[in-house]
Q: 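Okay, handing you the structure first.
One-based numbering, in listed order, for ligands and for the atoms of each.
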Amino acid sequence: MRSAPIVAVDGPAGAGKSTVARRLAARLGFTYVDSGAMYRTVGLAARRLGLDPADEAAMNRLMTDLGRLVLRTEGERTRVWLDSEEVSDAIRTPEAGEWASRVSRSPAVREGLKGFQRRMGEAGGVVMEGRDIGTVIFPDAEFKFFLTASLEVRARRRHAEWAEKGGESALEKTVEQIEKRDYNDRSRCLAPLSVPPGAVTVDTSGLTVDEVVDLLFRRVKAEPPGGRAG
Ligand code: DC
């Protein structure tokens, strides 16, 4: 029996999941878990070792030898370490996003990270964000949300985030990258991005972050497991 609920937040790249999930967790006093950061770290490791994400034997070995993955939320950011190396910035480049999406098709990678994610969330009191949290990782989550937004809005957000970090790229390139990521994430055989049964879908295109956080917060507070609060 969980002492507090699990909140699953899924959706495509740029739908606003990270910021919303992090702030929602802070407001609820829950732990925030960014599952995408885990795929990004595995993608970075694969790239550095020159491994082919389609080579399942190589992905199996990579997961066995990966080392210790540590995630910590500090204010508005998730810090990530692989063994003693901090990879927080290295995993946030557009290229790392593409590698994350590529390794995320591997059964060995998904299986390895599934165990890690379940251990991090099983006690409850978490907001976990990703692509398959409400479908595969915690299909029994007490609250499931699916955030979405138009392709243009999502590309603009990702582009702005990247520019803020000093990165350079044309908006058209970001649109292309997001379209490719969407296609990869939705078309893979294993745990494809899809709306979990029973999830509340929120189109964030015309909403501010605070409005989305508010909407989710009110749903969680008004509907505790076991019945509606009076
Ligand atoms: O949310 P993000 O952009 O950091 O995720 C990077 C990639 O990782 C995404 O394109 C697909 C993969 N991913 C996944 O397959 N399952 C998750 N639960 C989270 C991310």
Side-chain angles (χ1 to χ4, degrees), residues 6-22 25 32-47 53-54 59 62-63 69 71 73 76-80 82 87-121 126-139 141 144-149 151 154-155 157-162 165 167 174-196 199 204:
I6 291 176
V7 182
V9 180
D10 291 301
K17 296 184 307 283
S18 299
T19 316
V20 165
R22 193 177 295 121
Y32 163 68
V33 182
D34 175 0
S35 67
M38 302 176 194
Y39 284 94
R40 285 169 178 268
T41 307
V42 175
L44 181 74
R47 199 198 70 186
M59 291 300 104
L62 175 67
M63 291 313 284
L69 182 60
L71 276 82
T73 304
E76 289 281 300
R77 67 191 288 248
T78 299
R79 293 182 68 186
V80 184
L82 184 57
V87 293
S88 313
D89 292 330
I91 62 167
R92 294 297 165 194
T93 66
E95 198 193 0
E98 272 172 39
W99 273 84
S101 189
R102 289 178 66 194
V103 297
S104 76
R105 302 176 88 93
S106 151
V109 173
R110 298 213 75 86
E111 202 49 40
L113 293 183
K114 178 160 88 180
F116 190 52
Q117 288 158 20
R118 285 197 173 151
R119 282 192 298 280
M120 284 187 83
V126 291
V127 177
M128 195 175 290
E129 172 230 317
R131 302 289 189 290
D132 63 340
I133 308 305
T135 49
V136 175
I137 307 301
F138 291 114
K144 299 181 192 179
F145 297 103
F146 190 84
L147 302 192
T148 176
L151 174 65
R154 292 189 289 123
R157 285 179 185 157
R158 275 290 147 104
H159 190 253
E161 272 167 27
W162 183 227
K165 288 183 188 144
T174 312
V175 171
E176 253 172 53
Q177 279 166 342
I178 293 233
E179 267 184 315
K180 194 167 146 210
R181 285 268 297 282
D182 280 0
Y183 175 76
N184 276 346
D185 294 349
R186 288 183 202 275
S187 67
R188 66 176 179 234
C189 309
L190 211 55
L193 170 69
S194 64
V195 183
T204 68

Q: Please determine if Arg131 has a nitrogen or oxygen closer than 3.5 Å to a nitrogen or oxygen of ligand 1.
A: yes
Q: Identify the closest protein heavy atom to atom 11 (C) of ligand 1: which residue and atom is it, and at what distance?
A: Asp185 OD1, 3.4 Å
Q: How far is atom 19 (C) of ligand 1 from the closest protein heavy atom, and which atom is that?
A: Ser35 OG, 3.4 Å
Q: Residue-level breakdown please: for Arg40 versus ligand 1, do any non-hydrogen atoms fall below 4.0 Å on the side chain, on the backbone, on both, or on neither?
A: side chain
Q: With nothing but distance in play, are any N or O atoms of Tyr39 less than 3.5 Å from an N or O of ligand 1?
A: no
Q: On a heavy-atom basis, which atom in Ser104 and which in Ser101 lie closest, and how many Å separate them?
A: OG-O, 2.7 Å
Q: Can we say Arg92 and Asp34 salt-bridge, meaning some charged N sits less than 4.0 Å from an Asp/Glu carboxylate O?
A: yes
Q: Output all residues satisfying side-chain contact (heavy atoms from CB on, under 4.5 Å) with Leu190, sequence neighbours left out; order by chain, then residue number.
A: Pro107, Arg110
Q: Do any N/O atoms on Asp132 end up under 3.5 angstrom from N/O atoms on ligand 1?
A: yes
Q: For Gln117, enumerate each residue passing the side-chain contact (heavy atoms from CB on, under 4.5 Å) test, keeping only those at least two apart in sequence or located in another chain.
A: Ser35, Met38, Tyr39, Leu113, Met128, Ile133, Ile137
Q: Rounded to the nearest 0.5 Å, how far apart are CD of Glu179 and CG of Asn184?
A: 12.0 Å
Q: Check if Arg110 has a non-hydrogen atom at a distance under 4.0 Å from any atom of ligand 1.
A: yes
Q: Who gets closest to atom 6 (C) of ligand 1 by heavy atom: Arg181, Glu98, Lys180?
A: Arg181
Q: Atom NZ of Lys180 and atom CD of Glu98: how far apart are they, to the nearest 0.5 Å?
A: 4.0 Å
Q: Mind checking whether Arg188 has a heavy atom under 4.0 Å from ligand 1?
A: yes
Q: My understanding is that only one of Arg186, Arg154, Arg158, Glu176 makes a side-chain contact (heavy atoms from CB on, under 4.5 Å) with Arg181; could you say which?
A: Arg158
Q: Answer yes if the side chains of Arg157 and Thr19 hold a donor-acceptor pair under 3.5 Å, and no otherwise.
A: no
Q: May I ask you to identify, for Ala13, whether its side chain, its backbone, both or neither come under 4.0 Å of ligand 1 on a heavy-atom basis?
A: neither
Q: Where is the nearest protein heavy atom to atom 12 (C) of ligand 1: which residue, which atom, and how far?
A: Ser104 CB, 3.8 Å
Q: Supply the atom-to-atom distance Met59 CE to Arg102 CZ, rounded to the nearest 0.5 angstrom.
A: 9.0 Å
Q: Hey, which atoms in ligand 1 end up nearer than 4.0 Å to a heavy atom of Ala100?
A: 6 (C), 7 (C), 8 (O)
Q: Heavy-atom distances under 4.0 Å decide this one: backbone, side chain, both or neither, for Met128 against ligand 1?
A: neither
